[in-house]
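Notes for the one structure printed next.
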Amino acid sequence: LSRSSTMGGGAPCRKKLALALFPRISPDNYSWSSLSRAQQKMVLRREELTFKWQNKRNLGAIFSSDCEEKVFVRDGAEAQPCSSCQGLRKLHTFQVVLNRRMPDEANYKFVPKSFRCPELGRIYLKYEGVWKLIEEDDGRTPWLRFAKGAADGVYKSQEVVLGMVEAMVAKAERVLKGKSLKNMHYSGALDTFCSMLASI
Ligand SMILES: [Zn+2]
């Protein structure tokens, strides 16, 4: 999950999707920017529909698009992912993503815009260090990583906190997709953290 900020993967390439959707476009003349905004939107929607897997960041899990949703578990045994989800490991496109090297922070700005959340991209570019805090997966929460970094004097300014809060909110917003932010419930930990900040 930390390797990508897309909502899923395994879809045919965008050129393929676009040419299938708009047969009038000749393959030789195709470029992403030659599509109208509406066409680009259609391609992105089709892409999401054809994802072979779904990245569920809020759950820290990746599901197969064909997830069986039910598994049989013996008493006392731990539940395993269903066979479709486990089958992802054997999927070539999935392996390719797994084996891809993580982009360095310095290179992150070169990740094509449409492949990532533009809001997050903006935040990562603005605040140095936030990308690592939010996207690195070492089993600890970003808050813990931040606390450790702050104690070690890693951050030169309080800006990093701002950036991290902004990024967490942007992520939560994406998770809520389409739901109003006004009713958003911040976690207790974040609440405490924010009031702590206010008292510094
Ligand atoms: Zn499954």
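One-based numbering, in listed order, for ligands and for the atoms of each. Side chains are part of it too, since the values below use all heavy atoms of this structure and drop only hydrogens, waters and symmetry mates.
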Notebook entry, point to check: If waters are left out, how many protein N/O/S atoms lie within less than 2.8 Å of the Zn ion (ligand 1)?
Noted result: 3

Next item on the list: Taking side-chain contact (heavy atoms from CB on, under 4.5 Å) as the test, write out the residues that go with Val96, two or more places apart.
Entry: His92

Checklist line | Atom pair CZ/OG1 of Arg45 and Thr50 - distance to nearest 0.5 Å | finding: 14.0 Å

Notebook entry, point to check: Do Gln80 and Val71 come within less than 4.5 Å of each other through their side chains, counting heavy atoms only?
Noted result: no

Item checked: Aromatic ring proximity, centroids under 6.0 angstrom, Phe94 and Trp53 -> yes

Note to self: Name the residue from Arg14, Lys16, Lys41 that meets the salt bridge (Lys or Arg N to Asp or Glu O under 4.0 Å) definition with Glu47.
What the structure shows: Arg14

Check: Just by modelled atom types, is the Ser36 backbone N or O under 3.5 Å from a matching donor or acceptor in the Gln39 side chain?
Finding: yes

